[in-house]
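The block underneath contains the structure these notes are about, expressed in structure tokens.
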Amino acid sequence: MNDSDLFQITVPVFQHYLPRMRAIVSGLSEKQVTLIDESLAPHAFSAALHLQSAVGFVSRTIFPLIGEEVPEPGSEEPSIRDLLKLIDEVDSRVLHIEPDRFNGAAERII
């Protein structure tokens, strides 16, 4: 796998994925917002933590490959506002990544 491949299998996918996550979170009804802090199953993380983890997956995948620090995920129990802020921050960084930023990515130890 070369640097161009690493760009193609990450950045375009996440440029598509993050706006959809934002649309899901921002489109929650009042009732759904109250459920975001509840566990999806017994002994599981809350829906908010699952969403936060999904955004963290994007950060932990892309930023080390381009030699950047992974942003802190945020609070332990993120609110809707926290989630939207995190999604927007990561999305704005991912949106502006050019393929040449991946030069040397295949050689990086992450």
Side-chain angles (χ1 to χ4, degrees):
M1 185 168 297
N2 63 37
D3 299 337
S4 177
D5 292 336
L6 288 170
F7 174 86
Q8 289 301 324
I9 64 172
T10 57
V11 174
V13 172
F14 294 139
Q15 285 175 335
H16 174 83
Y17 175 74
L18 288 163
R20 272 117 196 111
M21 283 188 63
R22 185 181 209 302
I24 289 168
V25 173
S26 63
L28 294 174
S29 71
E30 200 170 307
K31 178 169 175 44
Q32 291 167 324
V33 168
T34 63
L35 298 175
I36 197 114
D37 294 326
E38 294 185 18
S39 294
L40 300 175
H43 310 291
F45 293 128
S46 67
L49 284 174
H50 279 283
L51 289 163
Q52 183 183 56
S53 179
V55 178
F57 176 78
V58 174
S59 298
R60 291 185 311 275
T61 301
I62 292 180
F63 299 130
L65 290 172
I66 61 174
E68 290 188 10
E69 292 292 317
V70 176
E72 290 295 319
S75 64
E76 289 184 24
E77 288 298 328
S79 66
I80 294 294
R81 181 176 287 131
D82 296 333
L83 288 169
L84 290 172
K85 181 180 176 197
L86 180 62
I87 292 167
D88 288 345
E89 287 172 0
V90 172
D91 187 38
S92 118
R93 287 177 65 186
V94 170
L95 187 61
H96 296 97
I97 296 174
E98 296 295 328
D100 65 340
R101 297 287 309 281
F102 274 71
N103 291 343
E107 309 298 317
R108 281 200 180 86
I109 298 173
I110 57 172

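Considering all non-hydrogen atoms of both residues, Gly27 and Gln32 come closest at O-OE1, 4.2 Å. The two residues Pro19 and His16 make their nearest non-hydrogen contact at CD-O, 3.5 Å. Taking every heavy atom of both residues into account, Pro12 and Phe7 meet most closely at CD-O, 3.1 Å. Pairing each heavy atom of Leu83 with each of Gln52, the nearest pair is CD2-N, 3.7 Å.
Counting only distance, with no hydrogens or angles, the side chain of Ser59 and the backbone of Val70 share no donor-acceptor pair below 3.5 Å. In this structure, the side chain of His96 engages the main chain of Ser92 through a donor-acceptor pair within 3.5 Å. Within the 3.5 Å criterion, the main-chain N or O of Pro42 finds no donor-acceptor partner in the side chain of Ser39. Between the side chain of Asp88 and the main chain of Lys85, no donor-acceptor pair closer than 3.5 Å is present.
Taken from CG in Leu86 to CZ in Arg22, the straight-line distance is 11.5 Å, to the nearest 0.5 Å. Taking OG of Ser4 as the start and CD1 of Ile9 as the end, the distance is 10.5 Å to the nearest 0.5 Å. With rounding to the nearest 0.5 Å, the separation of CG in Leu28 from CD1 in Ile80 is 5.0 Å. Atom CG of Asp37 is separated from atom CZ of Phe45 by 14.5 Å, given to the nearest 0.5 angstrom. The structure places CG of Asp91 at 11.5 Å from CG of Leu84, a figure rounded to the nearest 0.5 Å. Here the CD1 atom belonging to Ile87 is positioned 13.0 Å from the CZ atom belonging to Arg20, to the nearest 0.5 angstrom.
By the 4.5 Å heavy-atom criterion applied to side chains, Asn2 and Asp5 are counted as neighbours. Under the 4.5 Å side-chain criterion, counting only non-hydrogen atoms from C-beta, Thr10 is not in contact with Ile97. When side chains are defined from C-beta on, Val55 does not count as touching Pro73, because their heavy atoms never get closer than 4.5 Å. You'll find the side chain of Arg93 reaches within 4.5 Å of the side chain of Phe63, heavy atoms only.
Clustering ILVMFWY residues whenever any of their side-chain heavy atoms sit less than 4.5 angstrom apart, transitively, puts Val13 in a cluster other than the one holding Ile24.
Qualifying side-chain contact (heavy atoms from CB on, under 4.5 Å) partners for Ser46, counting only residues two or more places apart in sequence or in other chains: Ala48, Leu49, Glu77. Ala105 meets the side-chain contact (heavy atoms from CB on, under 4.5 Å) test with Asp3, Leu6, Leu65, Phe102, Arg108; sequence neighbours excluded.
For the side-chain contact (heavy atoms from CB on, under 4.5 Å) with Val11, the qualifying choice from Ile62, Leu95, Ile66 is Ile62, the only one to do so.
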